[in-house]
Amino acid sequence: MSSLIKTDTEDFTDWWQHTVFYQIYPRSFKDSNGDGIGDLQGITSKLDYIAETGITAIWLSPIFKSPMVDFGYDISDYMQIQPEYGTMKNFDDLVDAAYGLGIRVILDFVPNHTSDQHDWFKKSAAKVSGYEDFYVWHDGKVDKAGKRQPPNNWQSVFYGSAWEWHEGRQQFYLHQFTKEQPDLNFRNPLVVRAMDDIMLYWLNKGVAGFRIDAVNHLFESEKLEDEPLSGKSQDPLSYDYSKHIYTKDLPEVLDMIQHWRRLLDEFSAKNPNGPTRIMMTEAYAGLTQLADYYEDAKGVHGSHLPFNFNFITDVNGDSDARDFVYNVEKWLIYMPRGGHVANWVMGNHDNPRVASRFGPDSVDAMNMLLMTLPGVAVTYNGEELGMEDYRDISWADTVDPPAKNAGELKYKEVSRDPERTPFQWNNEANAGFSTASKTWLPVHPNYTKLNVEAQKAAVKSHYKVYQQLLQLRKSAILRRGRFIIEPLSRFVFAFKRCLEDFDSIVTVINVSDKEQLVNLTEFINNARKLVVEVAGINSIYEPGQPLPASALSLAPHEGLVCKLV
Ligand code: NOJ
């Protein structure tokens, strides 16, 4: 890459404030023992790749003991490693090796629910003293025919009633996800304490923090009122059928987030040799709520990084430049002032991949957007290559619980399997992911061409663009530069990062499928020259090339990162 941009050698920010968090889905990343399932030793063997890419923090989807009904989001022991993934020694080795390469490790913490195989649930079902109220139990109602029915109309996110009858305890229990994922009762102080102990256990093992799963589902109304209908679905068993005003986003959620923030801050203060321990929270919630997660009206701090899913939920391949600008601005407007940092999540294991949401031609532009905006960037593994969803997974190979609940006719509409297929390392069998005869999910057939090895060997590739962007992120301008964004036309938007007395970086993106001609002179507002810093793989422009700011032609879906000289 060209060396027009100075690297920022001063440490202006705390480690997490400008990091790229790279999400690893362990089951699909790299299989070291040939059973068709990714594992910890597999991840350790690929840490060099992660470091070479320029990543300094990884977050791992759950690696704890689990019956794998929801692929690790159903935990049966929070302090043990899932045997398919390896041993505690393998985990310790992974953390040591990662830290040796300057990579921090974040774990996925799943507090809302356990597996029904967790000891706590078995004890609670048997009413063992101290565990009676670990979960949310209820007698339900008796209908006219004398049959027991759930206490209300609450639905599970994954379809069907959120209540399941337990023969042993002769009561219903609440589950907001699968019936094998009973909801913990966070109104019980014993539960809160047990979860604190788990966090401290992993912090003492050297992790740099947690991604907290489904945090806005932690509390439900104690009155168990029926939820009002949304009018969005006619199917009473669908999650869209009602408005989740009694099961989601309750005010108590914020108290719990703030409680965990205190725990992390105290741990960091007592263990000053390590980094600031942080939390990232997963909640598909409203902007005002997420802003409060950062810091509430009283100034109490909560989540370091309430995930910003706007690029997943609020824009897509049909969005125009104004939609993008609006979505970027709205996060920055709502984020409280005073030291908070923005974050941008471009993908995860629950949503279609970038190439499938925006189209394969948009991969470079979307990575440019992600990497040159102010704050933290979150990349899902494979997005650096432009991996695509494998939408043709057969019903027989389908394993995702909501897809199985949807049935053979509708599973493709909701399945998360397509974005979870094995990572594509090379063009050998199973894309170099595994030596097994069958992998847990099929490999995308495009692996013969789309893989790490091929992209490293090519002169131009999505991977190389991604690497250049990560290198550029080290610059003072991208770490600290002020930010201005504008739609230049209906289809092209641009944003500028500038530091006083420094040069500026300008990112310009055409979101349409047609060539666009734009005039950038007013936006860059000075007489300096525009020079390409990073261009996409199909671009006619090369790094270092001067551009005509008054009449810049952009190919369909083209993005360019430029510098003003
Ligand atoms: C969010 C996770 O990302 C998803 O994969 C999981 O199914 C649910 N929470 C339930 O834990």
Side-chain angles (χ1 to χ4, degrees), residues 21-29 38 58-76 78 82 106-118 121 135-136 154-160 162 164 174-184 186 195 198 210-220 239 244 247-249 253 257 279-285 290 303 305-309 312-313 343 345-353 378-382 389 398-406 411 414-421 440-441:
F21 287 90
Y22 183 75
Q23 179 192 352
I24 294 183
Y25 195 68
R27 210 170 172 79
S28 291
F29 197 59
I58 52 179
W59 75 267
L60 308 178
S61 280
I63 53 168
F64 318 104
K65 197 161 173 220
S66 163
M68 292 288 159
V69 171
D70 192 18
F71 300 103
Y73 287 94
D74 49 320
I75 299 172
S76 54
Y78 288 82
Q82 167 70 357
I106 302 286
L107 289 184
D108 209 325
F109 182 66
V110 187
N112 180 65
H113 43 267
T114 68
S115 158
D116 62 350
Q117 300 306 307
H118 197 294
F121 188 70
Y135 296 83
V136 184
W154 295 354
Q155 297 97 359
S156 137
V157 176
F158 290 163
Y159 196 77
E164 182 72 13
L174 178 75
H175 61 90
Q176 293 217 37
F177 296 89
T178 71
K179 66 178 172 27
E180 293 85 359
Q181 291 166 297
D183 268 47
L184 283 162
F186 267 84
M195 292 318 249
I198 291 162
F210 303 97
R211 173 261 189 195
I212 304 188
D213 184 73
V215 73
N216 54 337
H217 291 267
L218 285 179
F219 289 89
E220 301 77 31
Y239 193 61
H244 303 290
T247 52
K248 227 170 77 172
D249 299 316
V253 168
I257 291 175
M279 70 164 120
M280 320 194 281
T281 42
E282 188 225 19
Y284 292 84
L290 296 174
S303 177
L305 300 168
F307 275 154
N308 168 4
F309 292 125
I312 296 179
T313 53
N343 75 89
V345 182
M346 198 44 97
N348 60 31
H349 63 295
D350 292 329
N351 289 286
R353 286 185 173 279
V378 187
T379 290
Y380 177 49
N381 59 199
D389 288 359
T398 293
V399 291
D400 184 31
K404 290 206 294 191
N405 285 347
Y411 75 97
V414 293
S415 183
R416 299 173 298 176
D417 292 335
E419 60 261 19
R420 297 176 177 181
T421 57
W440 81 282
L441 274 178

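Ligands are counted one by one from 1 in listed order, and the atoms in each one are counted from 1 as well.
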Closest non-hydrogen atoms of I106 and R211, given as atom of the first, atom of the second and distance, are CG2-N, 3.6 Å
For [X], state whether at least one heavy atom is located under 4.0 Å from any atom of ligand 1.
| X | answer |
| --- | --- |
| R416 | yes |
| F158 | yes |
| R420 | yes |

Ranked by distance from atom 1 (C) of ligand 1, the top protein heavy atom is D213 OD1, 2.9 Å
protein heavy-atom neighbour closest to atom 6 (C) of ligand 1 works out as D70 OD2, 3.3 Å
Discussion item. Applying a heavy-atom cut-off of 4.0 Å, say which part of R211 lies close to ligand 1: side chain, backbone, both or neither.
Written reply: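 Contact part for R211 vs ligand 1: side chain (C-beta onward).
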* Asked: Using heavy atoms and a threshold below 4.0 Å, how should the contact between Y25 and ligand 1 be classified: side chain, backbone, both, or neither?
  ->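 For Y25, no heavy atom sits under 4.0 Å from ligand 1.
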Quick one: CZ on F309 to CG on N351, what's the gap to the nearest 0.5 Å?
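These two atoms lie 7.5 Å from each other.
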message: Strictly below 4.0 Å, N to O, side chains only: are D74 and K179 in salt-bridge contact?
response: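 Salt bridge absent between D74 and K179.
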Please determine if D350 and R420 form a salt bridge, counting it only when a charged side-chain N lies under 4.0 Å from a carboxylate O. yes
A student checking ligand 1 against H113 at a 4.0 Å heavy-atom cut-off should list atoms 10 (C), 11 (O)
Polar contact flag, side-chain donor to acceptor under 3.5 angstrom, Q155-Q176
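There is no such pair (donor and acceptor under 3.5 Å, judged by atom type) between the side chains of Q155 and Q176.
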Just one of S115, S66, S61 clears the side chain to side chain donor-acceptor pair (under 3.5 Å) bar with Y73, so which one?
->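 Checked S115, S66, S61 against Y73; only one passes side chain to side chain donor-acceptor pair (under 3.5 Å): S61.
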Subject >> Options D350, V69, I75, V215, ranked by nearest heavy atom to atom 3 (O) of ligand 1, top entry >> reply: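 Comparing heavy atoms across D350, V69, I75, V215, the nearest one to atom 3 (O) of ligand 1 lies in D350.
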**Prompt:** Can the ring centres of Y78 and H118 be said to be less than 6.0 Å apart?
**Reply:** yes
